[in-house]
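Shown next, in structure tokens, is the structure this report addresses.
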Amino acid sequence: METNAAKLRERLQAPRGTKDILPEEAAKWRAVEGVVHEVARLYGYGEIRTPSFEAVRLFKRAVGEETDIVSKEMYLLQRRSEEEEEFALRPELTAPVVRAAIQHGMLTGQSDCVRLYYASAPNFRYEKPQLGRLRQHHQFGTELLGPASPLADAETISFAISIFRNLGLQNFRVRLNSLGSKESREAWKQQLVPYLRENKTKLSNDSQRRTETNPLRVLDSKAPEDHEIVRNAPRILDHLNAADRAHFEELKSLLASITIAYHEDPLLVRGIDYYTGTVFEVTSSDLGSQDALCGGGRYDSLVEQLGGPNCPAVGFGAGIERLLLALESRNDAPLLSTVRRPAVYVLALGAEAAQKAFELLSNLHAAGISATGDLNARSMKAQMREANRLGTPFVYVIGESELAQGAGMLKNMQTSEQEAVAFGAIIEHVNHSSFTHHHS
RNA sequence: GUGGGCGUAGCUCAGUUGGUUAGAGCGCCAGGUUGUGGCCCUGGAGGUCGUGGGUUCGAAGCCCAUCGCUCACCCCA
């Protein structure tokens with residue numbers, strides 16, 4: 001029995017690449033989510049929550065069948081029958097959100113612009129775990145559906161940066177590029193692919209393969225042998241048509257007007273097929289190789305591809321786990337240190353007092369005062385120690401004599417002073433004391 | 001998926017070239033104070049050294065496998 005229990009404990013752990021979020025950590029999550037909700041309110045975005053699993057064909061169509069995310073990282077759910085649709089845990093959020101927007105007719109009405117955000121949505125990818133790369137990770141982000149203007153791109157980037165700034169994030173960098181419209185990109189590819197083929201023998205194995213399957217991805221290869229070739233490759237920015245160029249220039253000037261510093265990076269290519277035009281990434285120098293905090297861009301043809309109207313769109317997703325790592329690495333995120341402690345510890349001695357304490361706790365809770373107490377008939381010393389450990393400002397002591405008098409001793413833990421307070425007056429006293437406390 | 005590193009108490013870590021009952025600090029519990037916390041003193045609980053095999057008279061330390069974490073690549077938030 002004993003050894004059995006030990007074996008069970010050993011086996012039962014959170015699945016590889018997942019994490020339990022304990023109370024102390026959860027407080028930090030709440031702080032981040034709070035900032036996200038607040039920024040969304042300021043920008044006028046509406047929250048959307050979509051299912052954790054979706055039809056596999058949604059992701060195949062949107063993200064791209066050849067991408068790593070779809071071809072090898074999806075958690076496929078077991079089907080109950082051959083006839084049933086194939087489902088997978090969602091590996092990303094843009095496709096589901098667009099699907100929901102189309103399904104609920106959000107894009108067919110009068111409004112030419114739909115602003116959506118999510119604050120803490122889990123994503124699932126079967127990857128080899130690393131710090132900042134989990135199999136279940138959480139993102140906040142936006143999707144702005146409708147506008148083709150660079151104003152929308154700028155608003156999206158501004159939204160993301162506001163959150164980072166409000167959280168006190170340091171050492172982050174905005175990388176910006178344009179993949180151009182379909183025409184621009186085709187024109188560019190016609191030069192890029194032959195160029196890569198000419199230099200094929202000098203490229204890394206991965207890049208040789210990708211020259212044929214996904215030539216854009218060769219550009220952000222980190223293999224040293226690819227560096228020289230990539231550096232001299234034809235650049236998309238030189239192949240943008242007039243409209244694309246104007247869009248990109250306009251975006252840059254908009255960002256400058258709101259003092260968002262960015263770094264143009266012609267090698268920034270995102271690994272999801274739906275991106276068109278603007279792409280951007282926010283990276284942190286306080287993280288290791290998994291340094292992307294946020295990624296996003298335009299996806300002007302995705303809505304139509306998924307059966308919706310012709311509807312340009314732009315959005316971003318940001319990883320909460322990575323953001324927290326970056327914030328914690330510098331200890332410079334004051335918002336994160338929200339300690340939650342009860343205001344009152346009701347200390348009871350004896351069974352009768354415990355019953356009274358239970359009743360008083362209920363009254364305190366009903367009055368909106370956080371309070372807790374002992375559940376195990378422990379000694380006074382043990383209860384005092386616990387109150388001290390919890391950091392409650394007040395302890396309300398109920399023993400035999402207090403019961404007889406209908407008044408407990410309310411002790412201020414900071415000053416060590418205590419006074420008799422009638423059972424019925426405790427709420428008033430605590431409220432008053434914490435009020436004066438705040439203003440002193 | 002490829003290639004490295006690591007895994008000793010709740011936490012942070014010691015543990016000499018394999019050698020007898022595996023240690024410290026912090027934390028936890030109790031006592032010193034029969035109904036008053038923090039500081040101090042004393043005592044206690046808690047580990048089959050991630051797990052399973054193997055080598056050996058003898059393994060926390062060596063070998064293999066496995067699980068987990070981690071670093072780089074890959075990919076990406």
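The chains referred to below are lettered A, B, ... by the order of the sequence lines, with proteins before strands, and numbering in each begins at 1.
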Per-pair distances, 0.1 Å, donor-acceptor, side chain in residues 62-74 of chain A, under 3.5 Å, sequence neighbours excluded:
{"residue": "A:Thr67", "atom": "OG1", "partner": "A:Gly64", "partner atom": "O", "Å": "2.8"}
{"residue": "A:Thr67", "atom": "OG1", "partner": "A:Val70", "partner atom": "N", "Å": "3.4"}
{"residue": "A:Ser71", "atom": "OG", "partner": "A:Thr67", "partner atom": "O", "Å": "2.7"}

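- Comparing B:C74, B:A30, B:C76 against the side chain of A:Ala382 picks out B:A30 as the nearest.
- The side-chain ring of A:His137 is stacked on the base of B:A77, judged by centre separation under 5.5 angstrom and plane angle under 30 degrees.
- Here B:G61 is in the syn range [glycosidic angle within 90° of 0].
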Report, one pair per line, the protein and nucleotides 38-44 of chain B atoms (nitrogen or oxygen only) whose separation is under 3.5 Å.
{"residue": "B:G38", "atom": "O4'", "partner": "A:Asn388", "partner atom": "ND2", "Å": "3.1"}
{"residue": "B:G38", "atom": "O6", "partner": "A:Ser416", "partner atom": "OG", "Å": "3.1"}

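- Ring-plane geometry between A:Phe316 and A:Phe280 is classed as tilted, the angle between the planes lying from 30 to 60 degrees on a 0 to 90 degree scale.
- Side-chain atoms of A:Gln383 and base atoms of B:G35 include no donor and acceptor less than 3.5 Å apart.
- Non-hydrogen atoms lying under 4.0 Å from RNA chain B are contributed by A:Arg16, A:Gly17, all within residues 14-23 of chain A.
- Comparing B:C76, B:U70, B:C74 by their nearest atom to the side chain of A:Arg217 picks out B:C76.
- Distances were taken from every side-chain heavy atom of A:Arg125 (C-beta onward) to each of B:C73, B:C76, B:G35; the shortest belongs to B:C76.
- No hydrogens or angles were tested; on distance alone, nothing pairs the side chain of A:Gln136 with the base of B:A77 as donor and acceptor under 3.5 Å.
- Using a 4.0 Å heavy-atom cutoff across all strands shown, A:Gln418 reaches at least one base atom of the nucleic acid.
- Taking the six-membered ring for Trp and thresholds of 30 and 60 degrees, A:Phe159 and A:Tyr117 have ring planes inclined between 30 and 60 degrees apart.
- Taking atom CG of A:Asn376 as the reference point, atom C1' of B:A30 lies 15 Å away to the nearest angstrom.
- Taking the side chain of A:Glu127 as heavy atoms from C-beta on, and the options B:C67, B:G35, B:A77, the nearest nucleotide is B:A77.
- When each of B:C28, B:A72, B:C67 is scored by its nearest atom to the side-chain atoms of A:Gln13, the top-ranked nucleotide is B:C67.
- At a cut-off of 3.5 angstrom, the base of B:C29 holds no donor-acceptor pair with the side chain of A:Arg378.
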